[in-house]
Amino acid sequence: MEEKSLNFIEEIIEEDLKAGKYKTIVTRFPPEPNGYLHMGHATSICLNFGLSKKFGGYTNLRFDDTNPVTEETEYVESIKDDVRWLGFEWKNELYASDYFDTLYGFAVKLINKGLAYVDDNSADVMAKEKGTPTEPGVDSKFRSRSIKENLQLFEEMKAAKYKDGERVLRAKIDMSHVNMLMRDPVMYRIKHAHHHRTGDAWCIYPLYDFAHGQSDSIEEVTHSICTLEFVPHRELYDWFIEKLEIFPSKQYEFARRNLSYTVMSKRKLLQLVNEKHVNGWDDPRMPTISGYRRRGYTPESIRDFCDRVGIAKRDNVSDLSLLEACVREDLNKKALRRMVVMEPLKIVITNYVSSESSVVSGGEMLEIDDNPTDDKNDARKVPFSKELYIEQEDFMENPPKKFFRLFPGGMVRLKGAYIIKCDEVVKDAAGNITELRCSYIPGSHSGNDTSGIKVKGTIHWVSIPHAATAELRLYDRLFKVEDPQSEEGDFKDYINPDSLQIITAYMEPSLKDAQPNTSYQFIRKGYFYLDKESTKEKLVFNRTVTLKDSFKSPL
RNA sequence: UGUCCCAUAGUAUAAAGGUAGUACGACAGAUUUUGAUUCUGUUUGUCGAGGUUCGAAUCCUCGUGGGACAACCA
């Protein structure tokens with residue numbers, strides 16, 4: 001068996017295990033519940049859960065809920081749904097807020113060690129004293145407070161004696177440290193805000209740097225994996241763990257996953273939602289997991305995508321076409337084939353007379369495969385009649401060379417039915433084509449063709465008297481440019497105004513019973529999936545992705 | 001004019017000092033009752049300059065380019 005090469009994190013883990021550093025590895029997926037999960041999170045989820053699965057161990061789901069003003073239970077629920085949907089099971093469901101007591105104790109410990117102090121300065125003053133990346137900062141005048149005074153003030157902060165912003169607790173490290181994060185970072189701030197889980201029990205909340213690593217340590221996370229922007233935090237992460245003398249979790253960073261023709265930061269996605277450029281977090285155009293789910297992507301295809309893309313430490317923008325290739329590959333195996341006409345052109349088969357044994361009025365029932373790539377050979381019945389719709393684009397009055405479809409005097413096969421010939425083009429007074437009059441070749445019945453005629457093209461069709469209708473939502477890329485965030489100006493200037501097109505289509509009647517959570521391939525058109533807004537009376541389908549189309553229109 | 005991270009086909013990712021490979025894309029052809037699928041083939045790459053070495057994508061130095069860092073966000 002061929003061994004797949006390891007990525008750099010897998011290599012680290014393998015070495016750690018070989019060296020006996022850990023008996024078993026523990027990872028965690030630590031979202032802040034302040035938005036919906038997107039494809040970047042999917043990468044992180046696949047990585048973290050994949051690692052513990054591969055090397056033995058487990059993964060916790062931990063909500064990094066240390067900022068009560070941005071976090072909501074709605075987000076917690078959606079995050080859990082998304083992780084489950086992707087196919088992963090966490091060992092423990094945990095919250096940073098579970099550790100507020102412990103964290104408070106850690107802070108007291110540092111004060112007692114003379115490694116933390118209460119600062120009364122305003123945020124402005126502190127920012128000024130902090131210096132810049134090239135200039136050292138200066139010590140706060142409160143830096144030398146006694147341990148006793150710090151202890152008392154910190155307790156008073158907790159006891160709601162002060163207003164927001166009046167005081168903070170800072171680590172005492174080094175105001176001229178080359179790493180800005182080591183210049184006495186704030187550990188606790190006062191926020192008289194309602195927390196989604198702890199309610200009003202607290203009015204001081206730890207900041208990321210005094211919560212994340214500590215939570216990792218409490219859970220004995222062995223490999224704490226995050227994205228590259230946290231590289232400068234690692235030094236502080238290690239400092240707190242060392243001074244607190246707690247379990248030495250280790251942080252490793254990889255490059256955030258970007259996708260072409262979209263944006264991938266919660267802040268930007270939130271803007272798209274709030275400013276109504278899309279219809280909510282699960283709008284099928286969004287790169288959110290819930291958006292992809294609603295659009296008809298499968299968890300398998302997203303996992304496959306994450307797998308194929310891999311991880312590394314350099315900035316990247318993955319090709320949307322790879323994601324699309326992944327869904328197509330998965331859906332090609334699973335999707336039921338159906339015929340749907342999106343831009344109808346009426347044809348009348350002048351010489352067609354329904355057989356006497358016909359089970360449908362004015363026509364006959366034909367049996368057509370559900371999925372030719374499948375050896376189950378399931379099929380459904382499709383009514384055929386004298387009046388049909390075909391796609392407008394499947395007919396050209398003056399066809400170029402290599403046009404395999406219908407044209408005056410030309411022949412095509414109707415999928416699963418007969419070969420027809422176009423005899424006459426009917427136009428209205430304005431010269432628009434309103435109808436085609438065709439004749440069928442009697443011996444050309446699908447499956448037992450005795451006509452001896454070979455045609456180059458096969459097109460799909462729908463019987464007009466039997467057709468059902470549905471709304472089709474056709475999605476295109478959300479942005480006009482590959483990497484909207486690296487363009488000049490506001491990323492929203494690059495929104496694709498045509499990212500959603502809504503049409504009414506004519507469907508073969510079997511689709512009246514279309515099921516939710518089922519992918520259909522509308523033959524020659526793409527993969528479709530019932531939307532959550534669909535009803536019995538009005539069917540609504542989302543186009544998951546088009547079929548690959550190598551037909552080059554000569555125009 | 002600081003510190004840190006990064007640099008391999010168009011994109012993404014391998015090659016742990018020893019033949020630069022894979023996937024997607026693009027292009028061409030075969031098959032096809034979906035111009036789909038499937039199959040075959042083609043295309044394109046180690047940021048630059050030095051150094052170490054029998055041998056460098058890999059190690060070192062200096063450049064160049066991109067990114068991160070000055071929130072009481074995460």
Side-chain angles (χ1 to χ4, degrees), chain A residues 4-7 11 30-32 34 64-67 69-71 119 122-123 126-128 130-137 164-170 177-181 183 185-191 204-205 207-209 211-212 226 228-235 253 255 257 260 266-267 305 308-326 328-329 332-333 337 339 368-369 371-373 402-405 412-417 419 444 446-447 449 454-460 482 486 521-526 546-552:
Chain A
K4 212 192 160 208
S5 57
L6 303 178
N7 64 47
E11 281 177 12
E32 182 188 12
N34 67 345
D64 235 344
D65 55 350
T66 57
N67 186 358
V69 301
T70 56
E71 295 151 7
D119 195 322
S122 68
M126 278 179 48
K128 278 197 193 83
K130 197 148 198 172
T132 70
T134 55
E135 296 162 290
D164 287 12
E166 273 187 358
R167 286 186 162 81
V168 293
L169 183 73
R170 304 177 74 177
H177 201 288
V178 68
N179 181 349
M180 296 287 292
L181 280 155
R183 321 244 261 230
V186 175
M187 295 160 59
Y188 269 91
R189 80 289 215 185
I190 299 170
K191 265 184 202 286
I204 56 169
Y205 293 93
L207 273 95
Y208 169 85
D209 286 302
H212 199 98
C226 61
L228 243 29
E229 65 267 32
F230 290 98
V231 168
H233 293 253
R234 189 174 62 230
E235 198 171 7
E253 311 87 8
R257 172 70 42 208
S260 57
K266 272 193 211 167
R267 212 195 86 244
F305 172 73
R308 288 208 225 180
V309 152
I311 60 145
K313 294 182 83 156
R314 60 171 149 156
D315 299 325
N316 61 78
V317 182
S318 283
D319 223 319
L320 183 61
S321 61
L322 177 58
L323 212 211
E324 293 182 338
C326 291
R328 287 193 187 107
E329 189 180 305
N332 180 48
K333 294 178 296 200
R337 312 291 128 120
M339 292 198 289
I368 307 181
D369 274 354
N371 186 338
T373 70
K402 301 248 253 181
F403 184 75
F404 302 160
R405 285 111 99 144
V412 286
R413 173 172 294 281
L414 294 175
K415 172 73 184 175
I419 293 174
S444 66
S446 184
D449 188 340
K454 288 272 175 268
V455 290
K456 207 67 168 131
T458 300
I459 64 174
H460 58 100
E482 262 192 41
S486 73
Q521 185 198 92
F522 294 175
I523 291 177
R524 303 206 302 141
K525 288 279 131 191
T546 60
L547 256 34
K548 205 168 140 185
D549 185 7
S550 60
F551 172 58
K552 285 172 273 305

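B:C47 and B:G35 are spaced 41 Å apart, taking the C1' atom of each and rounding to whole Å. Taking atom P on both B:G65 and B:A49, the two are 16 Å apart, rounded to the nearest angstrom. Only the P atoms considered, B:G21 is 13 Å distant from B:U46, to the nearest whole Å. Between B:U3 and B:C59, the two C1' atoms lie 23 Å apart (nearest whole Å). Separation of the P atoms belonging to B:G10 and B:G29 is 24 Å when rounded to the nearest angstrom. Comparing B:U19 with B:A36, their C1' atoms sit 38 Å apart, to the nearest whole Å. With C1' as the reference atom, B:A7 and B:A12 are 14 Å apart, rounded to whole Å. Across the P atoms, B:C60 and B:C4 are found 14 Å apart, a figure rounded to whole Å.
Interface remark: the A:Arg328 side chain does not form any donor-acceptor pair with the B:U37 base, using a distance-only criterion of under 3.5 Å. Side chain A:Glu482 to base B:U11: no donor-acceptor pair is found below 3.5 Å. For B:U33, its base sits under 3.5 Å from the side chain of A:Arg413 at one donor and acceptor pair at least. Contact annotation: side chain of A:Arg405 to base of B:G35, donor-acceptor pair present below 3.5 Å. In this model, a side-chain donor or acceptor of A:His233 finds a partner on the base of B:A74 within 3.5 Å. For B:U33, its base sits under 3.5 Å from the side chain of A:Ser446 at one donor and acceptor pair at least.
Geometrically, A:Lys191 does not engage A:Tyr205 in a cation-pi contact defined by less than 6.0 Å to the ring centre and at most 45° from the axis.
For A:Ser550, counting side-chain heavy atoms from C-beta on, the closest listed nucleotide (B:C6, B:C69, B:A36) is B:A36. Of the candidate nucleotides B:U13, B:U37, B:C24, B:C24 has the atom nearest to the side chain of A:Ser321. Taking only side-chain atoms of A:Thr66, from C-beta outward, the nucleotide of B:A70, B:A36, B:A74 with the closest atom is B:A74. Side-chain atoms of A:Ala312 lie closest to B:A14 of the nucleotides B:C73, B:A14, B:A68. Closest approach to the A:Val309 side chain among B:A12, B:G2, B:C72 is made by B:A12 (side chain taken as heavy atoms from C-beta onward). Distances were taken from every side-chain heavy atom of A:Glu11 (C-beta onward) to each of B:C5, B:A15, B:C24; the shortest belongs to B:A15. Comparing atom distances between the A:Leu322 side chain and each of B:A23, B:C73, B:U34 picks out B:A23 as nearest. The side chain of A:Tyr208 sits closest to B:A74 out of B:U33, B:C72, B:A74. Comparing B:A70, B:G25, B:C73 against the side chain of A:Lys191 picks out B:C73 as the nearest.
For B:C72, the OP1/OP2 oxygens have no side-chain nitrogen or oxygen of A:Arg167 closer than 4.0 Å. For A:Ser318 and B:C24, the shortest distance from a side-chain N or O to OP1 or OP2 is not below 4.0 Å. For the OP1/OP2 pair of B:U38 and a distance below 4.0 Å, the side-chain nitrogens and oxygens of A:Thr373 include no atom meeting the criterion. Taking 4.0 angstrom as the limit, A:Arg267 places none of its side-chain polar atoms (N or O) nearer than this to OP1 or OP2 of B:A74.
Pair check for B:C62 finds B:G48; Watson-Crick or G-U wobble, both atom distances under 3.5 Å. The base-pairing partner of B:U22, taking Watson-Crick or G-U wobble contacts with both distances under 3.5 Å, is B:A12. In this structure B:C4 sits in a base pair with B:G67, meeting the Watson-Crick or G-U test at under 3.5 Å. In this structure, B:U38 forms a base pair with B:A30, meeting either the Watson-Crick or the G-U wobble geometry with both donor-acceptor distances under 3.5 Å. B:C73 is unpaired under the criterion used here, namely a Watson-Crick or G-U wobble arrangement in which both key atom distances are under 3.5 Å.
Regarding A:Asp449, its CG atom lies at a distance of 10 Å from the P atom of B:U33, rounded to whole Å. We find that CG of A:Asp315 is positioned 10 Å from P of B:A12, with the value rounded to whole Å. To the nearest angstrom, P of B:G25 lies 13 Å from CG of A:Asp549. Rounded to whole angstrom, the span from the CG atom of A:Leu169 across to the C1' atom of B:C72 amounts to 12 Å. A:Glu324 has its CD atom 15 Å from the C1' atom of B:A26, to the nearest Å. Atom CD in A:Glu329 sits roughly 10 Å away from atom P in B:G25 (whole-Å rounding). Going from atom CG of A:Asp319 over to atom P of B:U13 covers 12 Å, rounded to whole Å. Atom CG in A:Leu228 sits about 13 Å away from atom P in B:G67, given to the nearest Å.
Among the heavy atoms of the strands lying under 4.0 Å from A:Phe230 is at least one base atom, whether or not backbone atoms are also near. Within the 4.0 angstrom heavy-atom criterion, no nucleotide atom of any strand lies near A:Gly137.
A centroid separation of 6.0 Å or more is found between the aromatic rings of A:His212 and A:Phe230.
Closest approach of A:Lys415 and A:Ile368 over heavy atoms only: O-CD1, 3.9 Å.
Between A:Asp64 and A:Asn7, the one whose closest nucleotide on RNA chain B sits nearer the 5' end is A:Asn7. Across the interface with RNA chain B, nearest-nucleotide mapping of A:Asn332 and A:Leu181 shows A:Asn332 to be the residue nearer the 5′ end.
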Full working for side chain to side chain contact (heavy atoms under 4.5 Å, CB included) between A:Asp119 and A:Arg167: CA-CA 6 Å; A:Asp119 195 322; A:Arg167 286 186 162 81; over 6 Å; no

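Residues A:Leu181 and A:Asp209 are in side-chain contact: their nearest non-hydrogen atoms beyond the backbone lie under 4.5 Å apart.
With 3.5 Å as the limit, one finds no donor-acceptor pair spanning the side chains of A:Glu324 and A:Ser321. Between the side chains of A:Glu235 and A:Asn179, at least one donor-acceptor pair of N or O atoms lies under 3.5 Å.
With respect to A:Arg308 and A:Glu329, a salt bridge is recorded, a charged nitrogen being found less than 4.0 Å from a carboxylate O. Ion pairing between A:Asp449 and A:Arg413 holds under the 4.0 Å rule for side-chain N and carboxylate O.
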